Each structure stands twice: as structure tokens, then as C-alpha cells.
Amino acid sequence: MKNWFKLISWVAVIMTGALLIYGIHDMPAWGDPDSPANAHVSPRYILEATEKTATPNIVSAVLADYRGYDTLGETTVIFTAAISCLFLLRRRGGKK
Amino acid sequence: MIWQLDLFLLLFVIICALAAINIKDLLSAVIILGAYSFFMCLLWAEMGAVDVAFTEATVSAGVGTVLFVAAVFKTVRRSKD
Amino acid sequence: MGEVIYSAKPLWAVLVSMIAAFLILLTGEKHRNLREGWTILAALIKFGLVFSLIEPVLAGKTIEYTLITLLPGVALQFRVDAFGLLFGVVAATLWIPTSFYSIGYVRTLKEHGQSRYFFCFAMCLSSAIGVAFAGNLLTLLIFYEILTIATWPLVVHHEDESAIMGGRKYLVYTLTAGCTLLLAIGITYSLTGTLNFTSGGFIAGHGSPGLLILLLAMFIAGFGVKAGIMPFHEWLPSAMVAPTPVSALLHAVGVVKAGVFGCVRVILFVFGPELLHQLGVWTILAGVVAFTVVVAGLLALGQDHLKRRLAFSTINNLALIILGVSLLSKNSMTGGILHLANHAFMKITLFFCAGAIYAKTHKDHVSQLDGLGRQMPFTFAAFTIAAMGLCGLPPVNGFISKWFLCLGAVETHQIIFLFVILTSAMLDVAFFFPIIYNGYFKKPLPDVAPKIDEAPMLMVIPLCMTAIFCIILGIMPNAFLNFFNIVRLAVANVLGG
Amino acid sequence: MIDQFPALIIVAPLLGAFLTPIIGWRYRQLCRPWALMILAIPLYAAGGALLQVIRSGPFGYNLGGWAPPWGIEYRIDHLSGLMLVLIAAIGLLAAINAKPGVSMDLKGKEPHFYTLLLLQITGLMGIVITGDLFNIFVFLEISSLSGYGLIAHGEDGAPMATFNYIIIGTIGASFYLLGVGYLYMATGSLNIADLAAILPNLYHSKMILVGFAFFTTGVAIKMGLFPLHVWMPDAYTTAPGPVSTLIAPLMTKVAAYIMIRIMFTLFQPDFSISVVPVATILGWMAVVAIIVGGIKALAQTDIKRMVTYIMIAEVGYIVMGVSVMNRPGLTGAILHIVNDACMIFGLFLIIGAISYKGHGREIYHFQNLNKKMPFTMAAFVIVALSMCGIPPACGFFSKWYLIMGTIVAKQWVFSITLLCSSLVNAVLFFRIIEKAYLAPLGGGAHGHDDDHEEEVIVRDEAPASMLIPILITAAIIIILGPLSGKIIAAVIQHAVPAAF
Amino acid sequence: MLEYILAKYNFWIYVVLMMIGLYAMMGKRNLVKKLIGMNIFQTSIILFFVSIGVKKGGATVPIIMGHGHGHGQHLIKVADYLNPLPHVLMLTAIVVSIATTGVALATLILIYKRYHTLEEDEILAIRKDPSSYKTLG
């Protein structure tokens with residue numbers, strides 16, 4: 001059973017790897033300044049973030065402002081994890 | 001960017017990853033995972049993602065390792081594989 | 001077809017017993033008289049509603065009511081035409097005696113779970129009327145499936161091993177049939193984009209002949225399960241474990257008739273006589289049902305259990321109806337559709353009799369009935385009348401429908417089918433007359449009471465009523481309910497004359 | 001007010017969740033009323049948003065006032081409006097239902113439970129409402145994390161089941177994130193509408209193919225599509241009653257929603273038809289899922305586990321409706337998301353009520369249950385009939401559309417599978433109904449003579465807070481059926497891409 | 001070929017890391033090892049995202065220095081700064097990954113309390129046959 005399981009995981013891993021490698025072929029060259037990822041949305045952040053949000057750090061600007069709700073979600077994730085851990089690790093049936 | 005440093009870091013990252021999942025002593029494995037995270041930080045800092053690197057250093061390499069170590073202390077240190 | 005009247009009457013005819021069903025459930029076991037009062041009240045109201053539809057339909061009108069759109073081009077729609085009305089009238093009329101009879105039956109036998117029983121009964125009637133008045137295949141299917149489910153608790157009513165097994169068999173057969181129908185209706189919809197019944201069919205010109213034949217086979221198999229067409233009849237004798245009023249309902253009013261009704265709807269209103277002639281499948285169809293007619297008759301001979309014998313007789317007669325319709329000539333269709341009504345009256349009488357005998361004496365085998373005619377003369381008289389009708393003897397109503405069937409068989413120049421019809425009449429004689437003979441003339445068994453000792457009035461009166469009805473309908477087919485005219489109109493609609 | 005509905009839908013339960021522990025710290029009894037009050041807000045807002053969509057078409061809401069490809073956009077169209085109402089309604093009913101179960105299983109942890117419940121609802125609603133791929137990932141993680149916490153608190157095997165769920169669920173979410181990465185790399189955008197405009201020019205890029213593959217795999221893991229379902233039965237069976245009631249009907253359906261979004265909004269249908277044979281693969285996976293789910297369900301005697309296997313089959317239905325790639329099929333899939341959520345929810349509610357009353361979950365425990373819990377069992381019959389596809393319950397109509405889809409696509413194997421599956425469901429449920437309503441086999445009728453006294457069976461119904469959601473759900477199941485024509489005309493037909 | 005690999009070596013490394021992580025998550029029987037694998041798996045995705053944002057040719061950290069409020073906006077050139085968006089996304093992803101790890105570790109402790117082992121096969125054996133618990137415990 002153990003070998004069988006290892007075999008399955010090897011197959012899954014190799015299939016995933018093959019798929020990933022297949023995807024590499026069409027990727028833009030590493031560090032290409034004109035790749036779509038660098039050319040479509042992000043230039044606007046670089047150009048106007050400092051002006052609009054008055055923050056020199058563009059990452060912070062985007063994090064806190066443009067994509068503020070991602071950050072809110074991130075905070076919520078932490079909160080969720082904290083509550084989950086408390087929920088799990090506190091003693092059962094505790095009478096406060 | 002210095003490609004020798006880059007390559008060195010990448011190699012180290014992979015070695016750490018392999019070591020972390022293959023060492024039978026869980027405490028060492030967890031510490032090596034911390035080292036892995038730290039090398040990853042360096043890699044990212046070197047690629048210009050300083051914010052990510054800082055966060056990774058504090059959160060993953062720092063808090064994560066602490067959590068892991070605490071969990072290992074609360075449970076068991078030996079592993080079969 | 002003539003003008004269309006929009007009226008909610010068909011909807012109410014369906015709803016009234018559904019509402020009654022819930023009132024029954026709410027009233028519960030504690031107030032038995034009130035509970036039974038709901039049943040009777042609903043039956044009467046339903047009859048009134050359906051009766052009031054006869055006149056406009058005979059005047060050539062169609063009554064329509066659209067409730068809600070289910071699919072593009074298909075609504076939950078009631079449309080009362082002559083053919084649907086016939087089934088509706090039969091079901092609504094027979095529910096009244098059945099209700100009285102049921103009350104007598106369950107009280108005499110002190111059945112358990114009476115509320116559930118009457119609830120399901122009312123639901124069955126609701127869905128039977130829904131089937132009758134359905135304006136399209138999907139509505140028909142919806143009520144058909146409700147009917148399937150509502151009948152199940154009645155079949156397993158006794159909750160013993162044979163009842164549960166019978167119930168399982170019933171479910172397996174009918175639910176599989178329901179799936180087949182669903183697929184068939186789906187294909188029909190994807191071919192034509194509509195499901196509304198049209199006199200003379202609407203599917204002609206869509207799809208290849210091969211597909212259409214396959215579709216017809218699926219439809220006939222789907223509806224044929226409930227109609228007991230062989231080889232799908234197995235569940236019917238097993239379902240005989242149900243209480244007798246349920247068997248009466250199953251066999252005469254609701255369930256199997258819904259199957260036959262569906263078959264006829266598909267043959268005449270989805271495919272249409274013309275298309276069937278074109279495809280040339282009607283002989284095959286008629287052949288299959290003719291086979292059922294003869295084999296069911298032969299099997300009935302071998303049954304000693306009275307209700308099982310009646311069950312095979314039902315299979316035989318239902319197949320006769322479909323045979324009449326699938327011969328596709330004017331007279332045979334008239335005979336077939338008329339037999340749908342006539343058979344209901346005769347068969348319900350027979351089951352009532354069987355139930356009365358069982359309730360009184362706990363006898364349910366043919367061989368135990370020797371001399372019982374002296375103890376229960378009214379019951380046996382009614383039994384005799386109905387049995388004569390099924391054998392096709394005048395003046396009972398069965399004669400008329402069989403006469404038209406024979407005429408139709410002659411009309412199509414297929415003498416073999418004439419022989420089939422005549423053989424079935426002979427078989428009817430062969431399996432009914434021994435019962436009657438034994439009941440009247442054989443030396444009574446020791447446990448038969450020497451004097452008249454009938455079942456309760458609540459059971460005897462309904463069965464006498466239906467028997468008298470059989471005779472009246474035999475002498476005057478248009479009495480009271482205008483059956484014959486309705487049938488003529490239905491056939492004329494289909495044949496477009 | 002109406003303009004703020006999209007924000008309200010997310011912010012209200014989120015704030016509510018943050019405040020719940022504070023309220024629960026001192027006044028534990030207040031947690032439940034507070035949660036109910038908070039949950040009523042998104043229900044109201046979602047209803048309003050759906051009406052708004054029906055009246056005047058889809059609308060967006062730019063958070064923080066940044067225009068879409070740069071900021072995050074909340075977008076409500078017909079599909080997401082419908083899903084929002086569904087999630088909010090089920091969330092509210094589940095919260096009403098939770099009281100007795102929580103006070104029994106999770107005593108003293110009410111604040112945590114209601115916080116996680118609110119977070120769960122927030123996460124699910126966020127997934128549905130947002131128009132940004134990465135934001136979906138964040139909300140997916142919120143709902144997953146709260147789900148992990150809630151499930152791990154269940155009966156004996158729960159922590160192990162949760163651990164497996166965490167591992168597999170993380171693989172799923174990471175695959176999704178990887179898919180986002182590939183699409184971002186190829187286009188530079190994260191906004192769904194923006195991507196949908198850019199992508200058609202790139203359909204033959206290998207990056208897009210790989211991204212699409214990771215998307216579908218990740219989402220398939222989350223929705224428990226057959227070979228990737230391994231985490232599901234254990235997790236939902238061992239979870240505490242109120243938790244599985246909440247999570248089981250919604251999580252898989254929301255994942256199915258993401259799949260429909262990806263396949264029909266993000267990518268155009270012709271991508272899934274002409275470029276990748278993904279539709280065919282998914283269709284056959286669905287067939288296997290339905291068959292295996294059915295067989296496994298037949299093998300179970302624990303009804304909760306049985307329902308989880310039925311869920312696997314039902315996920316197969318939805319995927320099959322998606323995979324046939326035509327209008328009736330997709331209509332059926334969307335309708336089935338709604339109907340199936342209601343049915344599964346109803347089943348878990350009923351199972352919860354039965355276990356709360358101390359009856360076991362094995363089939364033989366159902367003996368005579370109709371006398372003890374008549375209303376619960378009546379609701380069970382309705383749900384069961386709906387599962388078997390008996391009209392007029394809603395299950396029939398979604399099945400009808402799904403079968404129409406397979407007929408139009410001329411996939412006869414699919415049609416037969418669907419039909420057989422409803423027969424399997426009939427077997428599954430009628431054996432329980434038989435048990436609950438009829439005398440034991442071999443016992444015989446006990447009605448013919450009243451001589452021997454029947455043992456007196458006392459009616460012992462579930463408390464009102466459990467019974468009311470059960471009855472409401474049963475009523476919804478009946479009402480949704482005949483109304484499905486209206487729902488399709490008003491909502492679902494606009495959610496199906498015009499290309500069909 | 002070598003040149004081809006070298007041109008995108010970051011991506012190759014991320015593929016290798018991802019496979020290592022995935023293998024540990026699926027193939028390892030020790031629960032802590034699975035979690036370690038999960039961490040590696042998640043960091044490899046982060047590496048992938050960060051690699052997307054890289055610009056060659058003198059681009060620097062996306063912090064704009066020396067410009068007061070809006071003045072000299074014309075001086076900012078897109079090519080001078082790295083793409084900030086992947087960095088933003090990955091900040092969130094890191095937090096998500098540590099949150100998942102936290103919850104997983106909490107479950108891990110629960111599991112250990114119940115079974116006194118962290119080996120999956122031993123736990124399965126105990127669940128199948130609860131009597132073997134004593135011998136191990």
C-alpha cells in the first residue's frame with residue numbers, strides 16, 4: 001500500500017512538473033522590461049502612485065490604497081487563523 | 001545583479017529544501033526550513049523585492065520557524081521518513 | 001379545433017383533492033368523521049367541477065389554464081379536450097363510490113395509518129386528474145410522477161414483507177419508466193421545441209424515421225409499465241398486496257389508466273395516426289399489445305388468488321384498449337377509448353366485490369368462494385354483472401366497446417386482431433364464469449353462513465351503484481355523463497373529421 | 001444606499017466577525033443574536049443587489065475609487081447576484097439552526113464559532129462578488145481557513161481529516177494562485193473583465209494553457225470533483241453538525257461558481273471547445289464522479305457519509321452540465337448549483353436534528369423515526385424526492401435541463417448516467433424512508449387487530465430553532481421547482497454566455 | 001539547450017522547488033514533513049511571482065526617492081523601477097501561507113494529543129483498530 005501511494009505521488013509530481021515545464025516555453029524572457037506583466041497595469045502605479053497617494057514606496061502605496069481590500073483580506077486571514085487556533089487549542093467545555 | 005551569487009543562492013535553496021524534507025530529526029528539519037526561508041529572502045532581496053524579502057524574513061523565517069519549533073517541542077522530534 | 005376558454009376550473013379540479021389531502025393530514029386520527037368528511041366533500045366538489053366541463057367540451061370548445069412557464073414554450077398548463085375529459089370524468093366519478101367504500105373497508109378491517117391512507121388517496125386522485133387535464137407532455141410527466149410516488153405508500157400499506165417487496169418492485173418499475181419518459185420527452189423537446197398535445201400529432205417531420213421509432217418505443221415502454229404491457233407487467237400482480245380499495249383505485253381509476261392514457265396521448269396526440277401509418281410501426285405495436293392480451297388472459301386462468309386473477313384481467317383489458325387505439329381506424333379507436341371508461345366501471349365493481357368478500361369473510365382465493373353467493377347475494381350479483389361486461393355480453397357496457405373494437409379490427413382488414421379480441425372475450429368467460437358458477441351453485445363450504453350476511457352498507461351500496469351504472473351505460477351509453485359523445489368527439493378531433 | 005450594497009455585503013459580516021469575540025468576551029449569550037442580526041444585512045443587501053441587476057443589468061463597484069484594472073472591482077452580475085442571495089440565505093438559516101448543536105458540541109466556544117461562521121460567509125460572498133482574480137484567492141483562503149478551524153473541532157477522526165483537508169486544500173488554492181500567476185505573466189492584468197478582453201488574442205499561448213489547467217485543477221480540488229475528492233467525505237462526515245450544515249452545501253457550490261466564471265467569463269466558451277479538449281475531459285470525469293459517488297453512497301450505512309458521497313455525484317452533475325457546452329446544459333448546471341445547495345443543506349439540517357435528538361446516523365436508527373420526529377421526516381421525504389428528481393420538487397427541473405443539455409450535445413452516455421444516478425438516489429433514499437415509515441421487515445402489519453398494544457412511541461421533535469430552518473428549506477425546495485422557469489427567465493438565462 | 005535553460009533559470013528552479021514541495025506533501029508520511037513540504041511549495045510560487053516582476057537593465061527597487069509631492073513627475077521612467085504589483089500580491093500570499101501553517105500546526109497538536117504519533121500510517125492503523133493504540137501510546 002505504501003509503495004502504491006508513493007507511486008501515485010510520484011506520478012502526480014512528475015505530471016505537475018511536466019506541465020510547468022511545458023508552460024515555460026512561451027514565457028517572456030526573464031527580466032524583460034516589455035513583457036506584458038510589466039507593461040500593462042503596473043506602469044500606471046509607478047507613474048502616478050507617488051503623486052496620488054503621497055507615499056514614496058510604491059509597494060506600500062499599492063498595498064494600502066489601490067489594492068487595499070486585498071490587504072483587508074490579508075488582515076482577515078490572520079484574524080481567521082488566530083481565531084481558528086484559539087478555537088482548536090482551548091480546552092473543550094471550558095467554563096469561564 | 002551578480003549571476004554567480006544568484007546561482008549560488010538558488011543552489012543553496014534547493015539543497016536546503018531537499019535536506020529539510022529528508023532529515024529524520026524534525027527539529028533539524030524545521031531549522032533547515034528556517035535557513036531555506038532565509039536564503040529565499042536573500043534571493044528576493046537580490047531580485048529587488050525588498051518588501052517581500054523583509055516580510056518573508058520576519059514572517060516565514062521568523063514567526064514560522066518559531067511556530068514550527070514550538071509545535072515540534074509539543075509533539076515529537078523523531079520522524080520515520 | 002373550436003374556440004378556447006380560459007378558466008381555472010381544471011386547476012381547481014386538481015387542487016381540491018390536494019387541499020383535502022392536507023386537511024386530512026391536519027385533522028388526523030382523532031377526528032375520524034371530520035377527516036372522512038373532507039374526503040367526501042372534496043370528491044363531490046371535484047365531480048361538480050369536472051361535470052361542469054362536459055358541456056363546453058361537447059360544444060367543441062377547449063378549456064385552457066396556464067399556471068406558470070416552466071421552459072421556453074412549455075408551461076405548466078392544463079388543457080381539457082374531449083379525450084382528457086373522458087379520463088377526468090371517469091376518475092372524478094369513481095372517486096365518490098371509492099371514498100365511501102374505503103371508509104367502510106378500513107373501518108371494518110380496523111386498518112392502521114388511516115390518515116396516511118386517505119392522504120395518499122386524495123393525492124393520487126389529484127394527480128390522476130392532473131394527468132387527464134395536462135396540456136403538454138411535461139405537465140403530464142409531472143403529475144404522472146406524483147402519482148407514482150403517492151401510490152407507493154398505498155401499495156406498502158400492510159407493511160409486511162410481501163407488501164414491502166411489492167412496493168420495491170413497484171418503485172423499481174415505475175421510476176425506471178419515469179426516467180425513460182424523461183429522456184423521451186427531452187428528446188422530443190430538443191427535436192420540436194414544443195411539447196403541447198396536438199390532435200393528430202406534432203412530431204411529424206422532425207427527426208429521422210429511425211429516431212422517431214426509437215422515441216415511440218421509449219414512450220410506449222415508459223407509459224406501458226404502468227399500463228402493464230408485457231413484459232413490463234410484473235409489478236402489477238405483486239402490487240395486489242395493497243388494500244382492496246387501493247387495488248380498485250390502481251386498476252380502475254388512477255394508476256394503470258394513467259399509463260394507458262399516456263400511451264394513447266402519445267399515439268394520437270404526439271405521433272398521430274398519419275405518422276404511425278407512414279412509419280409502418282402500428283402493426284408491430286398492435287402485435288405487441290395483442291400478445292399481451294392473449295398471454296395475460298392465459299395467465300389469469302392459472303391464478304387462484306382472486307385479486308391476482310383480476311390483476312391479469314386488468315392487464316388483458318388495458319392491452320385491449322391500446323390495441324384498439326393502435327389499430328388507428330375510426331371504430332377501433334372509438335372502441336378503445338370507450339373501453340377505457342367502461343373497463344373502469346366494470347373493474348372497480350369487481351374489486352369492490354373482492355374487497356367486500358375479504359372484509360366480510362377474510363377469503364381471497366377463488367377456490368374458497370364456493371356457495372358464497374347465498375351469503376352475499378348483492379355482492380355476487382354485482383360481480384356477475386361486471387364479469388358479464390368484461391366478457392362482452394350485452395346489455396352490460398363492455399359489450400359496446402368490444403363491439404366497436406371488433407368492427408375496427410374488421411375495418412383494418414387485419415382479421416388476426418379480430419381473433420385476438422374474440423379470444424380474449426372467450427378467456428374472460430373462462431376465468432370469470434367458474435367463480436360465478438361456484439359462488440351460486442356449488443355446495444357451500446362449511447364456514448359459509450346460511451342466511452344473508454353482507455358486508456357493511458358502506459361497502460355494498462357503492463358496489464351495487466357501480467354495477468347498476470355498468471348496465472345503464474350498456475343500455476344508454478350517453479346516460480348522465482355523455483360518455484359516448486365525448487368519445488366520438490375525441491376520435492373526430494384526432495381524425496380531423 | 002443601493003450604491004453601497006456591494007461593499008455592505010462584505011463589510012457588514014467582516015466587521016461583525018471582528019466584533020464578535022469582543023462581544024462574546026463578556027456576554028456569551030449575545031453572540032448568536034448578534035450574528036443573526038449581522039447576517040440579515042448581507043441577505044438584505046444581496047437581495048437588493050440581485051433586484052438591481054434584474055432591473056438594470058450588471059454593475060460594478062470600485063473600491064477606494066480606483067478604476068478597475070488598477071484597483072479592485074466588485075462586480076455583481078446575474079450569476080453572482082444569484083449566488084450571493086443563496087449564500088446569504090443559507091448562512092442565515094445555518095446560523096439559526098446552529099444554536100442547539102453549538103450548545104451541545106461546542107459548549108463555551110460560542111464566540112469563536114460565530115466569528116468563524118461570519119468569516120466563512122464573508123469569504124464565500126467575497127469569492128462571488130469580487131471581479132479580481134487575486135482577490136478571489138484571498139477570500140478563498142479566508143473561507144478555507146475558517147472551514148479548517150470549524151471542521152477540526154468535530155468528532156473522533158476530525159483533526160486528521162482536517163489535516164488532510166488542509167494539505168489538499170492548500171494544493172488546490174496554490175494551484176489556483178499559480179494559474180493567476182500564469183495569466184498575469186501573459187497579460188499583466190488581474191481584473192476578470194480586463195483579462196476577458198485581452199485573452200482571446202493569446203489563446204494559443206502555452207502559458208495560458210498551463211494557467212487554465214492549474215485553474216481547473218485547483219478549483220476541482222476545492223469542489224471535490226472525483227479523483228480529487230479524497231478529502232471530502234472524511235472532512236464533512238467528522239465535522240460537528242452545525243459546521244457541516246454550513247460548509248458542505250456552500251463550499252463545493254462556490255467552487256463550482258469559480259469554475260463557471262473561469263470557463264465562461266474569463267475565457268470565452270470557444271477556448272474550452274476548440275483550443276483545449278477540456279470540456280470532453282471534464283464530461284467524462286463527471287461521468288466517473290457520478291458513478292463512483294453513487295456506488296460509494298450505496299455502500300455506506302452512515303447517512304452523513306452517504307450524503308457526502310452523494311455530494312460527489314452532485315458535483316459531477318454540475319460539471320457535466322458545464323462540460324456539454326450548450327445553453328440548456330449550463331442553465332441546468334447553474335440551476336443545479338442553487339437547487340443542490342438547498343437540497344444538501346436540507347439533508348445536513350435534518351441529519352443534524354436527528355443526531356441532536358440522540359439518534360444515531362446509521363440507517364437502522366431511522367426505525368420508527370416518523371413517529372418520533374414527524375415534521376423532520378416529512379421534510380426529509382421532500383428533500384429525498386427532490387434528490388430523486390421527482391417533480392414538482394426543484395431537483396427535477398435542474399435534472400431536466402442537464403438532460404436536455406446532454407441530449408442537445410448528443411452525449412447519450414451522459415444522459416443515461418444522469419438517469420441512472422437518479423435511480424440510484426431513489427434506492428438510497430427509499431431504503432431510509434422505508435425504514436422510517438414502515439414496520440420492520442418481517443414484523444408484519446400491526447393494524448389488523450388492536451389486541452396487542454403497540455409500544456407507545458413518544459413524539460420527540462427537534463427544538464424550534466432547528467425545525468424552522470428545516471421546514472423553510474423543505475418549502476423552498478418545493479417552491480423553487482415550479483418557479484424555476486421564472487428564475488431562469490429573470491436571472492440564469494442572462495448568466496449564460498450569449499455565444500450559446 | 002544549456003543557454004535555453006540558463007535564460008530562464010529562475011523558472012526552472014521554481015519548478016524544481018515546487019516538485020520537491022509537492023512530493024513532500026503527497027509522498028511523505030510524517031505530518032510535519034508534509035507541512036514543511038507545504039511551506040516549500042508555497043515559497044516556490046512566491047518565487048515565481050517575484051520573478052515575473054523583475055526588469056533587467058538597471059531597474060531598481062520600487063521606491064521613489066527624492067521627489068516631493070508631485071514635483072518632477074516627468075522624471076519617473078517606468079523602466080527604472082521594478083514592477084510593484086507581484087510584490088504586493090506576494091506580501092499577501094506570505095501572510096496567507098503562514099496563517100495556513102499556523103492552523104495546520106494547531107491541528108497537528110490536536111492529532112498528537114489524540115494519537116500520540118505523527119506518522120500517518122500509524123494513525124490510520126489506530127483508527128482502524130483502536131486496540132493498537134495502547135501499545136504505541
Side-chain angles (χ1 to χ4, degrees), chain D residues 69-70 72 116 132-135 137-142 144-191 207 210 214 218 230 234-235 238, chain E residues 11 14-15 18 21-22 24-26 28 31-35 37-53 83 85-86 88-90 92-93 95-97 99-115 117-118 120 122-124 126-128 130:
Chain D
W70 293 279
I72 292 171
L116 289 177
D132 186 280
L133 281 181
F134 188 77
N135 210 227
F137 168 76
V138 175
F139 280 116
L140 192 65
E141 283 297 327
I142 294 177
S144 302
L145 280 173
S146 55
Y148 302 147
L150 287 169
I151 289 174
H153 221 291
E155 57 194 51
D156 192 44
M160 198 52 213
T162 314
F163 193 84
N164 281 331
Y165 181 21
I166 294 177
I167 295 288
I168 298 175
T170 307
I171 295 181
S174 303
F175 274 9
Y176 176 86
L177 186 58
L178 205 55
V180 176
Y182 273 87
L183 287 200
Y184 178 71
M185 195 171 193
T187 64
S189 181
L190 291 169
N191 183 280
M207 270 191 292
V210 174
F214 278 109
V230 280
D234 272 342
T238 53
Chain E
F11 296 130
Y14 117 83
V15 170
M18 186 152 210
L22 200 59
M25 284 166 94
M26 294 179 66
K28 291 282 170 186
L31 302 186
V32 180
K33 284 286 170 67
K34 278 177 187 261
L35 280 186
M38 191 171 99
N39 260 318
I40 295 173
F41 184 69
Q42 285 171 326
T43 35
S44 78
I45 292 178
I46 299 172
L47 174 64
F48 168 62
F49 265 85
V50 171
S51 309
I52 297 175
N83 181 353
L85 192 54
V88 175
L89 303 182
M90 284 315 103
T92 311
V95 170
V96 166
S97 92
T100 317
T101 310
V103 176
L105 287 172
T107 338
L108 201 75
I109 290 169
L110 278 189
I111 292 172
Y112 187 77
K113 269 187 199 159
R114 206 162 288 187
Y115 303 107
T117 173
L118 289 179
E120 200 176 5
E122 286 172 19
I123 293 170
L124 285 179
I126 293 171
R127 287 192 63 187
K128 239 181 223 142

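To find a chain, count down the sequence lines: A is the first, B the second, and so on, and within it residues start at 1. Source: prediction; values computed, not measured.
Heavy atoms of L190(D) lying under 4.5 Å from chain E belong exclusively to its side chain. Both the backbone and the side chain of Y182(D) have a heavy atom closer than 4.5 Å to some heavy atom of chain E. Heavy atoms of F163(D) lying under 4.5 Å from chain E belong to its backbone as well as its side chain. Residue contact with chain E, scored on non-hydrogen atoms closer than 4.5 Å, involves the side chain of N164(D) exclusively.
Counting only heavy atoms from C-beta outward, the side chains of L178(D) and Y14(E) approach each other to under 4.5 Å. Proximity of L31(E) to M160(D): side-chain heavy atoms (C-beta onward) are separated by under 4.5 Å at one or more points. When side chains are defined from C-beta on, L85(E) does not count as touching F134(D), because their heavy atoms never get closer than 4.5 Å.
I171(D) and F41(E) get closest at one heavy-atom pair: CA-CE2, 4.0 Å. The heavy-atom pair separating I111(E) from P159(D) by the smallest distance is CG1-CB, 3.5 Å. I166(D) approaches T107(E) most closely through the heavy-atom pair CD1-OG1, 3.6 Å. The shortest non-hydrogen separation linking Q42(E) to S174(D) is CG-OG, 4.1 Å.
Annotation: the span from M38(E) atom CE to T170(D) atom OG1 amounts to 4.0 Å, rounded to 0.5 Å. Atom NZ in K34(E) sits 7.5 Å away from atom CD1 in I168(D) (nearest 0.5 Å). The distance from atom CG of L108(E) to atom OG1 of T162(D), rounded to the nearest 0.5 Å, is 12.0 Å. Atoms OG1 and CZ, from T92(E) and F137(D) in turn, are 9.0 Å apart once rounded to the nearest 0.5 Å. Rounded to the nearest 0.5 Å, atoms CD (E120(E)) and CD1 (I167(D)) are 9.0 Å apart.
The most heavy-atom pairs under 4.5 Å with chain D, out of I123(E), L35(E), L89(E), come from L89(E). Counting heavy-atom pairs under 4.5 Å between each of L177(D), V138(D), D156(D) and chain E puts D156(D) at the top. The most heavy-atom pairs under 4.5 Å with chain D, out of A93(E), P86(E), S97(E), come from P86(E).
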